[in-house]
Asker: 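Structure below; questions to follow.
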Amino acid sequence: MNLFYNQNGVGNVLMAQLTTDKPHEVVAESSKDVTILKDGEGEIVGFNLFNASSYLDLQEAGQVKLTEEIVKKISTALKKNDVNIELDVDLTPKFVIGYVLEKEKHPNADKLSVCKVDVGSETLQIVCGAPNIEAGQKVVVAKVGAVMPSGMIIRDAELRGVPSSGMICSAKELDLPDAPQEKGILVLPDDAVTGEAFER
């Protein structure tokens, strides 16, 4: 689940996205302060909570950090509005330190590499276009569901016929200060701990 709030830009509305999939069509149903968003097959893909500040103390503009407390308050708000949605929330970090175990040439693209990356809890296959990616590096991985500073949401993808789960990030993509303009992923020191959260 990803949460977004921008009182100045949108109004007093908390927007919740429950899936990283992009539905082809969206159907809206309202119940008091909640508008439920469903895809064409009737699956709930998100909801908007109006008058959000009466249910939660929201200071952020943009993405709202998920915590157990916020999830509980949202669940309570949904029940108050006669909405029964079971919130299955992953509170694990979405930006983590990864270790590149393998790098192979992409079979269908000269400038892409297929990497196996250990992120602590699992090994991900990620297609990467950075010219400086190599096996043995410590890198920053945006896992599926991560929201980049640009607003882009990381989804499972297929790049030139090869599945990719996540993104190996550059300093520029992470919006780090003094990020180099040339293409290339951010390579971390060898003592960075695989699987730990990366704090921007």
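Heavy-atom basis, side chains included; hydrogens, waters and symmetry copies ignored.
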Asker: Once rounded to the nearest 0.5 Å, what's the spacing between atom NZ of Lys183 and atom CD of Glu173?
Answerer: 10.0 Å
Asker: Rounded at 0.5 Å granularity, tell me how far SG in Cys128 sits from CE in Met167.
Answerer: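 One finds 9.0 Å between SG of Cys128 and CE of Met167.
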Asker: Would you say Ser31's side chain and Val34's backbone share a donor-acceptor pair under 3.5 angstrom?
Answerer: no
Asker: Are any side-chain N or O atoms of Asp39 and backbone N or O atoms of Glu43, one a donor and one an acceptor, separated by less than 3.5 Å?
Answerer: yes
Asker: For Lys138 and Thr194: C-alpha separation, side-chain torsions, deciding distance, then whether side-chain contact (heavy atoms from CB on, under 4.5 Å) applies.
Answerer: CA-CA 7 Å; Lys138 297 282 181 73; Thr194 300; 3.5 Å; yes
Asker: Would you call Lys73-Asp57 a salt bridge at under 4.0 Å N-O?
Answerer: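 No, Lys73 and Asp57 are not salt-bridged.
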Asker: Hey, does Asp90 have a side-chain heavy atom less than 4.5 Å from the side chain of Lys94?
Answerer: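 Counting from C-beta outward, Lys94 and Asp90 do come under 4.5 Å.
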Asker: Could you tell me whether Glu69 atom CD has more than 12 heavy atoms of other residues or ligands within 6.0 Å of it?
Answerer: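 No, the 6.0 Å shell around CD holds no more than 12 heavy atoms from other groups.
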Asker: Would the number of heavy atoms belonging to other residues, nucleotides or ligands and lying under 6.0 Å from NZ of Lys111 be above 12?
Answerer: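 No, NZ of Lys111 has 12 or fewer neighbouring heavy atoms, counting only those of other groups under 6.0 Å.
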Asker: Just how far is it from atom CG of Leu49 to atom CG of Asn81, taken to the nearest 0.5 Å?
Answerer: 6.5 Å
Asker: Say you draw a straight line from CZ of Phe47 to CD1 of Ile36; how long is it, rounded to the nearest 0.5 Å?
Answerer: 9.0 Å
Asker: What heavy-atom pair brings Gln137 and Asn132 nearest, and what distance separates the two atoms?
Answerer: NE2-O, 2.9 Å
Asker: Under the 3.5 angstrom rule, does the side chain of Ser113 hit a backbone N or O of Cys115 as a donor-acceptor pair?
Answerer: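 Answer holds: no.
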Asker: Which heavy atom of Ser170 sits nearest to which heavy atom of Gly184, and what is that distance?
Answerer: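 Heavy-atom minimum between the residues: CB-O, 3.1 Å.
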Asker: Taking the side chain as everything from C-beta on, heavy atoms only, tell me whether Leu78 gets closer than 4.5 Å to Leu87.
Answerer: yes
Asker: May I ask whether Ile74 and Leu66 are part of the same hydrophobic cluster, defined by side-chain heavy atoms of I, L, V, M, F, W, Y residues being less than 4.5 angstrom apart, directly or through others?
Answerer: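 Yes, because Ile74 and Leu66 connect within a single hydrophobic cluster, where side-chain heavy atoms sit under 4.5 Å apart.
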Asker: Looking only at atom types and distance, does a side-chain atom of Gln125 sit under 3.5 Å from a main-chain N or O of Pro163, one as donor and one as acceptor?
Answerer: yes
Asker: Roughly how far apart are Leu58 CG and Ile70 CD1, rounded to 0.5 Å?
Answerer: 6.0 Å
Asker: Evaluate the side-chain contact (heavy atoms from CB on, under 4.5 Å) criterion for residues Tyr55 and Lys80: first the C-alpha distance (whole Å), next the side-chain angles of each, then the deciding distance (0.1 Å), finally the verdict.
Answerer: CA-CA 10 Å; Tyr55 301 99; Lys80 281 182 181 173; 4.2 Å; yes
Asker: Taking Val64 as the starting point, is it possible to reach Val45 by hopping between hydrophobic residues whose side chains are less than 4.5 Å apart?
Answerer: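 Unlinked, Val45 and Val64 end up in two clusters.
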Asker: Apart from Ile185 itself, what residues make up its hydrophobic cluster when side-chain heavy atoms of I, L, V, M, F, W and Y under 4.5 Å apart count as a link, directly or indirectly?
Answerer: Val96, Val100, Val117, Val119, Leu124, Ile126, Ile133, Val139, Val141, Ile168, Val187
Asker: Would you indicate whether the side-chain heavy atoms of Leu3 and Gln63 approach each other to under 4.5 Å?
Answerer: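 The answer is no, as the side chains (C-beta and beyond) never meet within the 4.5 Å cut-off.
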Asker: Apply side-chain contact (heavy atoms from CB on, under 4.5 Å) to Ile44 and Leu37, showing your working.
Answerer: CA-CA 6 Å; Ile44 298 172; Leu37 306 172; over 6 Å; no
Asker: For residues 142-161, which side-chain N or O atoms pair as donor and acceptor with protein atoms under 3.5 Å away, sequence neighbours left out?
Answerer:
residue, atom, partner, partner atom, Å
Ser150, OG, Met152, N, 3.3
Arg155, NE, Thr20, O, 2.2
Asp156, OD1, Ser165, OG, 2.7
Arg160, NH1, Asn108, O, 3.1

Asker: With the 4.5 Å side-chain cut-off for hydrophobic clustering, are Val162 and Leu112 part of the same group?
Answerer: yes
Asker: Do we see a donor-acceptor contact under 3.5 Å between the side chains of Asn51 and Asp33?
Answerer: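 On atom types as modelled, these side chains qualify, holding a pair under 3.5 Å.
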Asker: Taking the side chain as C-beta and beyond, is there a heavy-atom pair between Asn12 and Phe50 under 4.5 Å?
Answerer: no
Asker: Under 4.5 Å between side-chain heavy atoms, counting indirect links through other Ile/Leu/Val/Met/Phe/Trp/Tyr residues: same cluster for Val71 and Leu56 or not?
Answerer: yes
Asker: Quick check: is Tyr5 connected to Val89 through a chain of hydrophobic side chains (ILVMFWY, heavy atoms under 4.5 Å apart)?
Answerer: yes
Asker: Write down the atom of Val114, the atom of Pro107, and the distance for their closest heavy-atom approach.
Answerer: CG2-CD, 4.4 Å
Asker: Between Phe4 and Asn6, does the side-chain contact (heavy atoms from CB on, under 4.5 Å) criterion hold? Intermediate values first, please.
Answerer: CA-CA 7 Å; Phe4 304 92; Asn6 185 344; over 6 Å; no
Asker: For the CG atom of Leu91 and the CE atom of Met1, what is their distance to the nearest 0.5 Å?
Answerer: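 Going from the CG atom of Leu91 to the CE atom of Met1 covers 8.0 Å.
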Asker: Please tabulate, one pair per line, all N/O donor-acceptor pairs under 3.5 Å involving side-chain atoms of residues 22-29, not counting sequence neighbours.
Answerer:
residue, atom, partner, partner atom, Å
Glu29, OE1, Lys38, NZ, 3.4
Glu29, OE2, Lys38, NZ, 3.3

